[in-house]
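Notes follow the structure.
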Amino acid sequence: MVLRLLHRAGARSDHLHLASLGAIGLCLTLWVRAKTIDQEQRGNAERRALFVGLWPPMLWLIGEALREQK
């Protein structure tokens, strides 16, 4: 059902693969930025980077599922 909605909305597998690569870049950016933040906020910033780091596999697999649906 979700795949059909994404397909109807115009999302293609390439879009999700690019979003996956973008999420990797965002994760690395947040992680590097966390190293420059003071000690009080560092834990929260690192957790944010780890949370974003969970997105790439999910986005990639949704992209693969859209590719197979064609």
Side-chain angles (χ1 to χ4, degrees):
M1 179 164 163
V2 173
L3 291 175
R4 274 189 262 133
L5 288 173
L6 284 171
H7 188 70
R8 277 191 229 148
R12 300 294 177 254
S13 63
D14 293 338
H15 298 148
L16 284 146
H17 289 153
L18 287 173
S20 176
L21 294 173
I24 291 170
L26 178 60
C27 175
L28 290 173
T29 302
L30 290 171
W31 182 70
V32 168
R33 185 174 171 263
K35 300 300 178 192
T36 63
I37 296 176
D38 63 350
Q39 196 63 32
E40 283 183 17
Q41 298 295 322
R42 185 174 288 178
N44 191 29
E46 287 176 347
R47 282 189 292 276
R48 188 177 302 120
L50 288 172
F51 174 70
V52 172
L54 296 173
W55 299 351
M58 177 194 62
L59 293 171
W60 191 271
L61 289 173
I62 292 173
E64 287 298 312
L66 275 174
R67 181 179 294 183
E68 290 176 8
Q69 187 181 17
K70 288 182 180 179

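Just so we're clear, the structure is a prediction, and the values are computed from it rather than from any experiment.
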(request) Give a yes or no on whether the backbone of His7 and the side-chain of Arg12 come within a donor-acceptor separation of less than 3.5 Å. (result) yes
(message) I'd like to know whether CZ of Arg42 has more than 12 heavy-atom contacts from other residues, nucleotides or ligands below 6.0 angstrom.
(response) yes
(message) Test your reading of the model: is there a side-chain donor-acceptor pair from Ser20 to the backbone of Leu16, 3.5 Å cut-off?
(response) no
Going by atom type alone, with no hydrogens or angles, which donor-acceptor pairs under 3.5 Å involve a side-chain atom of residues 48-57 and a protein atom two or more places apart or on another chain?
none

(message) Connecting only ILVMFWY residues whose side-chain heavy atoms lie within less than 4.5 Å of each other, what is the rest of Ile37's hydrophobic cluster?
(response) none
(message) Looking at every non-hydrogen atom in both residues, tell me the closest pair between Ala23 and Leu59 and how far apart they are.
(response) CB-CD1, 4.4 Å
(request) For residues Thr36 and Arg33, determine if any side-chain heavy atom of one lies less than 4.5 Å from a side-chain heavy atom of the other. (result) yes
(message) How long is the straight-line distance from CG of Leu61 back to NE2 of His17, given to the nearest 0.5 Å?
(response) 8.0 Å
(message) Side-chain heavy atoms under 4.5 Å apart, restricted to Ile/Leu/Val/Met/Phe/Trp/Tyr: what other residues fall into the cluster of Ile24, or is it alone?
(response) Leu21, Leu28
(message) Please report the interatomic distance CG(Leu26) to CH2(Trp31), rounded to the nearest 0.5 Å.
(response) 14.5 Å
(request) Looking only at non-hydrogen atoms, find the nearest pair between Leu3 and Ala65 and report the distance. (result) CD1-CB, 3.7 Å
